[in-house]
Amino acid sequence: MTVSMMVSSLIQLILFSFIPLVCWLIFARKKQSFWSWIGLKAPEIKKKNLFFILFFSGLLLFLSLGWVIMLFFTNGSDVAASQFDGVGVAGIAAALFYAFVQTGLSEEIVFRGFIGKRLISAVGFTAGNSVQAALFGCLHGAMFFSHAGCLNALIITLFTAVIGWFMGDINEKLAGGSIVPSWIMHGLANLFTAMMMMFNLF
């Protein structure tokens with residue numbers, strides 16, 4: 001399980017990074033490195049107390065969303081982490097790749113690193129961050145639409161969009177444009193969901 005998850009995680013990371021990389025090569029290669037352009041750099045944390053309060057508040061919101069989705073909006077088999085159902089400790093390494101590479105890093109590169117940053121630079125923070133958050137929410141709502149129904153998918157879309165906006169805000173305003181805070185938050189939330197499946201905790 002671990003090897004196949006590692007391979008699929010790397011493939012997804014490459015696929016999700018392809019369009020951002022092509023755009024960087026065309027538009028920004030001479031201005032800055034690819035990693036800086038998408039925000040995959042060390043955070044420059046401003047207002048540390050506020051940063052940590054918002055980071056842990058956002059993480060708690062994200063963890064709560066995962067738990068609520070599994071408990072009230074799906075039967076557990078509808079979530080991406082259902083592949084870890086009942087595997088126990090044997091699934092920990094695979095779950096780490098799933099949470100931090102396949103989903104966490106891939107989605108952060110696309111939404112906060114690529115779409116968010118490009119839109120923020122083009123139309124300003126409020127509009128740009130709102131659009132990337134809405135797209136992030138729509139992706140997650142669409143994943144549950146056929147299983148959870150229209151109303152539940154809409155609720156999931158809205159809650160996930162709020163989290164997406166919150167993560168973009170932390171990255172851009174308190175971490176010097178780094179996507180590392182949202183990557184860690186995203187990865188921990190997805191790891192939590194995977195572990196709930198692994199140990200049948202929902």
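All residue numbers refer to positions in the sequence shown, counting from 1. Only heavy atoms go into these numbers, but all of them, side chains included; no hydrogens, no water, no symmetry mates.
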With side chains defined as the heavy atoms from C-beta onward, is the minimum distance between T157 and F144 less than 4.5 Å? no
Checking E44 against S178: is there a side-chain donor and acceptor pair closer than 3.5 Å? no
Close side-chain approach of M5 to Q83, heavy-atom, < 4.5 Å: yes
I'd like to know if W35 and I184 are part of one continuous hydrophobic network [Ile/Leu/Val/Met/Phe/Trp/Tyr, side-chain heavy atoms within less than 4.5 Å]. yes
Does a sphere of radius 6.0 Å around CZ in F159 hold more than 12 heavy atoms from other residues, nucleotides or ligands, not counting ones at 6.0 Å or beyond? no
L96 side, atom CG; Q102 side, atom CD - distance, nearest 0.5 Å: 13.0 Å
Hydrophobic clustering (ILVMFWY, side-chain heavy atoms < 4.5 Å, transitive) - are L119 and W165 grouped together? no
Nearest heavy-atom approach of F34 to S17 is CZ-O, 4.4 Å
Determine whether L174 and L50 satisfy the following criterion, side-chain contact (heavy atoms from CB on, under 4.5 Å), listing intermediate values before the conclusion. CA-CA 8 Å; L174 297 172; L50 180 61; 4.1 Å; yes
Just checking, is any N or O donor in the side chain of T103 or E107 under 3.5 Å from an acceptor N or O on the other one? no
Are any of the side-chain heavy atoms of D85 and N200 separated by less than 4.5 Å? yes
Taking the side chain from S182 and the backbone from I179, do they hold a donor-acceptor pair closer than 3.5 Å? yes
Please assess F114 against F16 for the test side-chain contact (heavy atoms from CB on, under 4.5 Å), listing each intermediate value before the final yes or no. CA-CA 10 Å; F114 177 58; F16 276 51; over 6 Å; no
Return the minimal non-hydrogen interatomic distance between K41 and V180, and the atom names on each side. O-CG2, 3.2 Å
Please find the pair of heavy atoms, one from Q32 and one from W37, that lie closest to each other, and give the distance. OE1-CD1, 3.3 Å
To the nearest 0.5 Å, how far apart are NZ in K30 and CH2 in W24? 11.5 Å
Between I53 and S57, does a side-chain contact (heavy atoms from CB on, under 4.5 Å) hold up when you go through it step by step? CA-CA 6 Å; I53 289 169; S57 297; 4.2 Å; yes
Within the distance-only criterion (no hydrogens, no angle test), does the side chain of K117 pair as donor or acceptor with the backbone N or O of G177 below 3.5 angstrom? yes
Are M6 and I14 in one and the same hydrophobic cluster, where Ile, Leu, Val, Met, Phe, Trp and Tyr link if side-chain heavy atoms are under 4.5 Å apart? no
With rounding to the nearest 0.5 angstrom, report the CD1 to CG distance, I170 to L59. 9.5 Å
Is the shortest heavy-atom distance from the side chain of F166 to the side chain of L54 under 4.5 Å? yes
I need the minimum non-hydrogen distance between G113 and R118, along with the two atoms involved. O-NH1, 3.4 Å
Count the heavy atoms belonging to other residues, nucleotides or ligands that lie under 6.0 Å from CD1 of I19, then report whether that count exceeds 12. no
Same apolar cluster (I L V M F W Y, side chains within < 4.5 Å links), V7/L15: yes
Would you mind reporting whether D169 and F125 have side-chain heavy atoms less than 4.5 Å apart? yes
pair L105-L40: side-chain heavy atoms closer than 4.5 Å: yes
Indicate yes or no for a side-chain donor-acceptor contact from Q132 to the backbone of G164 under 3.5 Å, with no hydrogens or angles considered. yes
Tightest non-hydrogen contact, residues A153 and F145, listed as CB-CA, 3.8 Å
Under a 4.5 Å side-chain heavy-atom rule over Ile, Leu, Val, Met, Phe, Trp and Tyr, are L188 and W183 clustered together? yes
Residues R112 and G168: closest non-hydrogen pair is CG-CA, 3.9 Å
Do any pairs count as a ring pair (Phe, Tyr, Trp, His ring centres under 6.0 Å) and have a residue in residues 83-112, sequence neighbours left out, and if so which ones? F84-Y98, F111-F136
Report the relative orientation of the aromatic rings in H186 and F62; use parallel for angles under 30°, tilted for 30 to 60°, perpendicular for over 60°. tilted
Sidechain-backbone polar pair: S106 side chain, V101 backbone, donor-acceptor under 3.5 Å: yes
For the CG atom of L65 and the CG atom of L60, what is their distance to the nearest 0.5 Å? 11.5 Å
Are the side chains of M195 and L201 in contact, using a 4.5 Å heavy-atom criterion? no
Reported CG-to-CD1 distance for the pair L151 and I155, which is rounded to 0.5 angstrom: 4.0 Å
Output for pair (L63 CG, T193 OG1), nearest 0.5 Å, gives 7.5 Å
Is E172 close to I120 at the side-chain level, that is, under 4.5 Å between some pair of heavy atoms? yes
